[in-house]
Amino acid sequence: MADPFKLQHRKLEYKRLIPSFLLSHRTLLTVLWIVGFILIVVWQRTAVERLLIYRGMASPTRPIPKLRPLVFNLSDFGAVGDGVTINTKAFEKAISEIRKQGGGQLNVEPGHWLTAPFNLTSHMTLFLAENAVILGIDDESYWPLLPPLPSYGYGRERRGPRYGSLIHGQNLKDVVITGHNGTINGQGRSWWEKYRKKLLNHTRGPLLQLMWSRDIYISDVTFRDSPFWTLHPYDCQNVVIRNVTILAPLTEAPNTDGIDPDSCVDMVIEDSYISVGDDGVAIKSGWDQYGIAYSRPSSNITIRNLIVRSMISAGVSIGSEMSGGVSNIIVENLLIWNSKRGIRIKTSPGRGGHIRHVIYRNLTLQNVRVGIVIKTDYNEHPDEGYDPNALPVIEDISFTGIRGEGVRIPARIYGSAEIPVQNITFQDMSVGITYKKKRIFQCSFVQGRVIGKIFPAPCENLDWYDDGGKLIRQSTKKNTKDLDYDG
């Protein structure tokens, strides 16, 4: 039989071995909970790793679909995807073979494929596999020089020729650029730095530019860090851009617009995410006298289901280069967040042309400094040859279903005596504001109407009707340049 005295002595020795803070029930439970939590985290991590290994064994990289009868792989033409080897000749050989065969598909396999600019051909599909990256070489000496765009006169930034785009095409038909969300990376940082330091002698080139082409389909690809505008369809017809991601730094990446339809007809931009250093989407049609002479409008364009962020400019813009005219535009189901402006129309004397028949509906503005901007004094011109009496027309613009929070100025619409904004309509608008001054809905030289109640209260330049069409308040013209805020 055990000695009770010895048992009690052992218990005392055991207690001396245990730190006193563990003798508290609450502390003990806390320690046990922490140990249990760590064990669960470790188990989850190893379980996830095992699951990824299993998935990698069971489901390798998605196979590239065969979208055309004739299919080539870039590596078959000597390309090396190590991020160092320059693969321009491989791209050129592959596309030349597709041209000879009357069409085909070029697969860009996983890897980092460094290249100088190259040209596409008609009846071609460029397919970027999962984890495939096309890298634009960042030495401008590899980039060819092209004539200025005819509707811009001399180059958007510098006189004379301009740099071409990384991926280029002219007079093409039936071109598809798609993939398993592979990436086209322009490596634009060196371009941006040289531009800021004024070390470039020519206008920077876009990441992708297709000119005088039709039947274009672009989807399921990420475009990032363009030297200049990212996607620039120029004088194209029947273009669909769907389910793309476009990225550039929000600051210090000048003029990295996401998508710039320029003198384009019959176009859809949808289901995409854009976060860039300038306008998310900017509809254009030429610059001053050159755009007037070229006379190709942008029309029948639908922009829908986008998430956009732009800390420098606006989510969706029209202009400022719109001298060939812009009409029949629908912008709907748009979220613009943490941006400087939501929607902007910008023009000036000398532009000529028109902006008309534009419908905005179902827009959400989240933490946007100025929600809706119409600006008629954007005085940036290609040269001194423009006609200051070439005045643009802005008319038939409607805004329906506008929602927002954290918006400083919901609307700032400034026409002028020369360029009045005519027949503008607001309906079903409720925007939470952060600016406390009285004039938060700003108007000048504006004619139009409000239908039903909107918040905040509209400017007095607009007629106010109830939902049944009965006039509640006649407009009172208040045309002032006393601005509360620079939009």
Side-chain angles (χ1 to χ4, degrees), residues 117-120 124-126 128 133-136 146 149 152 156 162-170 172 175-179 181-188 191 203-249 253-285 298 301-310 313-318 321 329 331:
F118 60 89
N119 294 322
L120 302 179
M124 173 183 175
T125 295
L126 179 66
L128 279 75
V133 181
I134 297 176
L135 289 172
L146 301 178
L149 292 168
Y152 286 76
R156 184 61 181 78
R162 60 193 173 90
Y163 289 109
S165 56
L166 177 63
I167 301 177
H168 192 79
Q170 297 185 16
L172 304 182
V175 174
V176 177
I177 301 172
T178 189
N181 200 33
T183 299
I184 300 173
N185 188 330
Q187 300 201 96
W191 291 91
T203 298
R204 291 169 289 157
L207 190 56
L208 169 66
Q209 184 178 64
L210 300 177
M211 304 174 60
W212 306 302
S213 299
R214 61 175 299 146
D215 305 329
I216 309 300
Y217 182 85
I218 301 170
S219 76
D220 300 287
V221 174
T222 294
F223 299 87
R224 67 180 309 144
D225 293 349
S226 174
F228 190 54
W229 300 341
T230 306
L231 305 186
H232 185 213
Y234 179 84
D235 198 353
C236 290
Q237 184 176 352
N238 191 22
V239 179
V240 175
I241 300 175
R242 172 180 295 141
N243 197 31
V244 300
T245 301
I246 302 177
L247 304 172
N255 310 109
T256 49
D257 298 14
I259 305 172
D260 285 12
D262 203 337
S263 295
C264 288
V265 179
D266 300 331
M267 185 167 176
V268 175
I269 302 168
E270 63 184 0
D271 303 327
S272 296
Y273 179 86
I274 303 172
S275 178
V276 288
D278 208 296
D279 292 315
V281 177
I283 302 173
K284 303 176 181 293
S285 64
S298 279
I301 297 175
T302 297
I303 300 166
R304 62 192 175 206
N305 308 333
L306 303 187
I307 300 174
V308 186
R309 189 179 185 194
S310 170
S313 195
V316 174
S317 289
I318 297 176
E321 310 92 334
I329 309 298
V331 180

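The model shown is predicted, which means the values in this text are computed figures rather than measured ones.
- Taking 4.5 Å as the limit, some side-chain heavy atom of Leu210 sits within range of a side-chain heavy atom of Leu120.
- Note: Gln187 CD to Ile134 CD1 = 12.5 Å, rounded to the nearest 0.5 Å.
- Here the side chains of Ile283 and Ile303 are in contact, with some heavy-atom distance below 4.5 Å.
- Here the side chain of Ser272 pairs a donor or acceptor atom with the backbone of Val244 at under 3.5 angstrom.
- Contact of the Ile184 side chain with the Leu208 side chain is not registered, since no non-hydrogen atoms from C-beta on lie closer than 4.5 Å.
- Not one N or O on the side chain of Ser275 forms a donor-acceptor pair closer than 3.5 Å with the backbone of Leu247.
- Although no hydrogens or angles enter the test, the distance criterion places a donor-acceptor pair under 3.5 Å between the side chain of Arg204 and the main chain of Pro227.
- The shortest distance between side-chain heavy atoms of Met267 and Pro233 falls below 4.5 Å.
- Within the 3.5 Å criterion, the main-chain N or O of Ser263 finds no donor-acceptor partner in the side chain of Ser285.
- How far CD1 of Ile259 is from CG of Asp279: 12.0 Å, rounded to the nearest 0.5 Å.
- Two residues are said to be in side-chain contact when any heavy atoms from C-beta on lie closer than 4.5 Å; Leu149 and Glu321 fail this criterion.
- Once rounded to the nearest 0.5 Å, the distance linking CZ of Phe228 with CG of Asp257 reads 7.5 Å.
- To the nearest 0.5 Å, the span separating CZ on Arg156 from CG on Asn255 amounts to 7.0 Å.
- To the nearest 0.5 Å, the span separating CH2 on Trp229 from OG1 on Thr256 amounts to 12.0 Å.
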Item to complete: Take Asp271 and Asn243 through the test side-chain hydrogen bond (donor to acceptor under 3.5 Å, both in side chains) and record every step on the way to the result.
Response: CA-CA 5 Å; Asp271 303 327; Asn243 197 31; over 6 Å; no
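- Not a single donor-acceptor pair under 3.5 Å links the side chain of Ser219 to the backbone N or O of Arg242.
- If you take NZ on Lys284 and OG on Ser317, they are separated by 7.5 Å, rounding to the nearest 0.5 Å.
- Between Trp191 and Tyr163, the ring-plane angle classifies as perpendicular under the 30° and 60° cut-offs.
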